[in-house]
Chemist: 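Can you keep this structure in mind? I'll have questions shortly.
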2 protein chains.
Amino acid sequence: MGKKEGTSQRREESLSRERIIEASIELLDSLGEAGLTFRALSERLATGPGAIYWHIASKRDLLIAACDAVVARTVDGSLREAGAAPEATLRALALGMFDTMAARPWVGSALIQAPGQLPMVRIFEGIGQQVCALGVPPEDQWATASALLHYVLGVGGQHAANTQLARTHGLDRSGLLEGVSSVWSRLEPADYPFARSVAAQLPLHDDRVDFLTGIDLILGGIRASRPGGPGLE
Amino acid sequence: MGKKEGTSQRREESLSRERIIEASIELLDSLGEAGLTFRALSERLATGPGAIYWHIASKRDLLIAACDAVVARTVDGSLREAGAAPEATLRALALGMFDTMAARPWVGSALIQAPGQLPMVRIFEGIGQQVCALGVPPEDQWATASALLHYVLGVGGQHAANTQLARTHGLDRSGLLEGVSSVWSRLEPADYPFARSVAAQLPLHDDRVDFLTGIDLILGGIRASRPGGPGLE
DNA sequence: TTCCATTCTGGAACAGCATTCCAAACGTGT
DNA sequence: ACACGTTTGGAATGCTGTTCCAGAATGGAA
């Protein structure tokens with residue numbers, strides 16, 4: 001009566017949760033977030049939508065599972081190649097997630113839609129362990145790790161939105177940024193002095209460097225608020 | 001041949017962009033993000049979808065416009081009631097956005113989907129002006145303001161996702177958090193020590209306090225990296 | 001006033017989506 | 001060979017954003 005007793009059921013080519021998730025990732029990578037539909041998935045797997053629903057609860061479930069597969073690889077990889085220093089490990093973990101979300105914008109978008117789910121917990125766990133190692137007092141650990149996580153999610157979500165916007169408009173990244181830049185530089189000078197002043201550097205900036213700057217800002221804040229006092233390390 | 005010459009065209013009850021946006025906000029507030037459909041909007045405005053499309057380019061346009069109306073009020077209000085101290089103003093602005101996104105989760109979700117658009121620029125401008133006032137050197141202003149913005153967006157997006165998740169499951173906030181907490185506390189102890197250790201305080205924590213802690217962490221990092229040196233304020 | 005071009009309306013129609021349903025095919029233990 | 005639970009895949013459902021278009025309302029010109 002068990003649902004999964006034997007190991008190799010059916011023929012080799014049969015459907016399985018793993019095969020569906022793998023195909024979903026390929027679809028998401030090649031066509032973007034909007035490319036993952038049950039129709040396209042059915043076609044690629046040479047089956048019907050009904051068959052997929054036997055293995056997958058919903059599209060939400062599918063997206064989270066695909067996201068988790070990618071995030072798990074990233075987190076494990078980042079932690080393995082990092083040394084023992086907590087700050088360096090934290091930076092490696094954050095940069096690993098940034099690179100993953102830059103290469104696969106749908107990951108950032110999926111992460112936001114899965115609060116408390118497995119992929120997010122993986123990242124949160126990795127961050128939290130390093131936060132503890134940094135010597136943050138227990139009562140501040142939750143808020144500190146949450147802040148880092150939310151920052152990473154914010155950048156990833158923004159990157160995903162930018163990429164999808166560019167795709168729907170048929171532009172590449174630089175074309176999109178130039179468009180935004182020119183709009184910003186035409187804003188009302190009295191109301192938007194800051195946006196106008198930074199509009200010029202918008203198409204030139206390096207997302208990755210800016211991301212790391214933000215991480216270092218938060219790390220600096222953690223260091224400054226340590227019980228030992230706000231002195232140098 | 002101009003499109004908008006006279007001021008009061010048509011009868012008083014006629015459709016207008018403003019009236020459509022207002023109705024959209026009411027719909028979003030009462031039914032959540034999924035509640036905004038052109039059918040529901042048509043019904044509420046006693047018209048057809050085609051009439052709405054005469055004033056609105058797309059659903060995306062509509063969502064951004066509704067978001068902008070709310071964000072504009074929040075930003076203006078936060079800046080007006082704040083004093084002159086840049087840090088306090090920054091905190092007031094961030095808290096104002098948090099409260100708005102907590103009361104209307106769809107705002108956080110909409111903000112993420114509108115990179116470079118008016119609502120985001122309003123927040124970015126407010127943040128950027130205070131960053132300048134804090135004495136951040138020009139070459140760091142962009143990255144610093146971006147970090148703060150991304151953090152705010154990350155928290156808002158997460159809040160939106162949580163609320164929508166609770167709504168689809170027919171739970172309230174505490175019910176959702178208790179569910180997540182119990183899942184986390186049943187994770188593999190060897191792999192998830194941190195998540196397990198903080199699972200207990202998950203249903204009890206105060207989002208607003210945690211949000212402000214994150215803001216202060218970034219502000220602390222900004223203070224620590226000022227040219228004047230990492231001394232006390 | 002009468003006419004007309006323009007602006008605006010609203011209902012029908014369309015393509016695409018996630019999801020559900022179900023009859024048939026398949027494998028396996030008897 | 002039989003029967004039974006598992007798995008399949010195609011049709012059907014109800015929803016979505018968007019387009020289309022016949023025609024009503026409106027303001028200026030004749």
Side-chain angles (χ1 to χ4, degrees), chain A residues 1-21 23-24 27-28 31-66 106 109-110 113 164-165 168-169, chain B residues 1-21 23-24 27-28 31-66 106 109-110 113-114 164-165 167-169:
Chain A
M1 67 184 67
K3 285 197 173 186
K4 287 267 175 76
E5 315 193 28
T7 48
S8 67
Q9 295 180 331
R10 300 265 167 162
R11 51 190 138 85
E12 203 60 29
E13 294 274 316
S14 80
L15 229 47
S16 71
R17 191 175 162 91
E18 287 68 33
R19 242 166 64 78
I20 295 173
I21 291 171
S24 301
L27 227 36
L28 288 162
L31 298 174
E33 205 179 349
L36 179 62
T37 69
F38 279 81
R39 275 166 157 72
L41 203 52
S42 300
E43 211 166 314
R44 184 173 270 251
L45 293 169
T47 181
I52 295 174
Y53 271 90
W54 182 259
H55 302 273
I56 298 290
S58 66
K59 186 174 181 178
R60 195 188 133 77
D61 177 31
L62 180 58
L63 194 63
I64 293 177
W106 57 271
S109 179
Q113 294 169 53
Q164 203 197 1
L165 190 65
T168 57
H169 285 53
Chain B
M1 66 182 66
K3 287 196 171 186
K4 286 268 175 73
E5 314 194 28
T7 49
S8 68
Q9 295 178 330
R10 299 264 165 168
R11 54 190 136 86
E12 203 61 28
E13 294 274 314
S14 79
L15 227 47
S16 71
R17 191 175 162 91
E18 287 68 32
R19 240 166 65 78
I20 295 173
I21 291 172
S24 300
L27 226 37
L28 287 162
L31 298 174
E33 205 177 349
L36 179 63
T37 69
F38 278 82
R39 275 168 157 73
L41 203 52
S42 299
E43 210 166 315
R44 183 172 270 251
L45 293 168
T47 179
I52 296 174
Y53 270 90
W54 182 261
H55 302 273
I56 298 291
S58 66
K59 184 174 181 179
R60 196 188 130 79
D61 177 31
L62 180 56
L63 194 62
I64 294 178
W106 57 270
S109 179
Q113 294 169 52
Q164 203 197 1
L165 189 65
R167 201 192 292 262
T168 57
H169 285 53

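If you're wondering where the values come from, they're calculated on a predicted model, not measured in any experiment. Chain letters run A, B, ... following the sequence lines, proteins first, then strands; residues in each count from 1.
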Chemist: From the set C:dC17, C:dG10, D:dT16, return the single nucleotide nearest to any side-chain atom of A:Arg39.
Modeler: C:dC17
Chemist: Of the nucleotides D:dT16, D:dT19, C:dT9, which has the atom closest to the B:Leu15 side chain?
Modeler: C:dT9
Chemist: Go nucleotide by nucleotide along DNA chain D from the 5' end; which of A:Trp54 and A:Pro49 gets its closest nucleotide reached first?
Modeler: A:Trp54
Chemist: If you only use heavy atoms from C-beta on, which nucleotide in D:dG17, C:dC8, C:dC17 is closest to the side chain of B:His55?
Modeler: C:dC8
Chemist: Rounded at 0.5 Å granularity, tell me how far OH in B:Tyr53 sits from CG in B:Leu62.
Modeler: 9.0 Å
Chemist: Could you give the CG-to-C1' distance, from A:Leu63 to C:dA18, as a whole number of Å?
Modeler: 13 Å
Chemist: Side chains of A:Arg17 and A:Ile52, heavy atoms from C-beta outward: is any pair under 4.5 Å?
Modeler: no
Chemist: Which nucleotide sits closest to the side chain of A:Ala51: C:dA18, C:dT9, D:dT8?
Modeler: D:dT8
Chemist: Any donor and acceptor pair, going by atom type alone, linking the side chain of B:Arg60 with main-chain N or O of B:Gln113 inside 3.5 Å?
Modeler: yes
Chemist: Figure out the CD1/P separation between B:Ile52 and D:dT18, and round it to whole Å.
Modeler: 11 Å
Chemist: Which listed nucleotide (D:dT8, D:dT18, C:dT9) is nearest to the side chain of A:Thr47?
Modeler: D:dT8
Chemist: Rounded to whole angstroms, how far apart are CD on A:Glu43 and C1' on D:dG9?
Modeler: 14 Å
Chemist: Would you classify A:Ser42 as touching base, sugar-phosphate or nothing, given that sugar-phosphate means primed atoms plus P, OP1 and OP2, and contacts are heavy atoms under 4.0 Å?
Modeler: nothing
Chemist: Name the nucleic acid region contacted by B:Leu36, choosing base, sugar-phosphate or nothing; use a 4.0 angstrom heavy-atom cut-off, strictly under.
Modeler: sugar-phosphate
Chemist: Distance check needed: D:dT16 P versus B:Leu31 CG, whole Å only.
Modeler: 11 Å
Chemist: Could you tell me how far apart B:Leu27 (CG) and D:dG17 (C1') are, to the nearest whole angstrom?
Modeler: 15 Å
Chemist: Hey, what do you get for CG (A:Leu15) to NE2 (A:His55), rounding to the nearest 0.5 Å?
Modeler: 4.5 Å
Chemist: I need the CZ-C1' distance between B:Phe38 and D:dT19, as an integer number of Å.
Modeler: 12 Å
Chemist: Tell me the interatomic distance from A:Leu41, atom CG, to D:dT8, atom P, rounded to whole angstroms.
Modeler: 13 Å
Chemist: In whole Å, I'd like the distance from the CZ atom of B:Arg60 to the C1' atom of D:dT18.
Modeler: 16 Å
Chemist: List for me each residue that meets side-chain hydrogen bond (donor to acceptor under 3.5 Å, both in side chains) alongside B:Ser24, sequence neighbours excluded, and say none if there are none.
Modeler: none
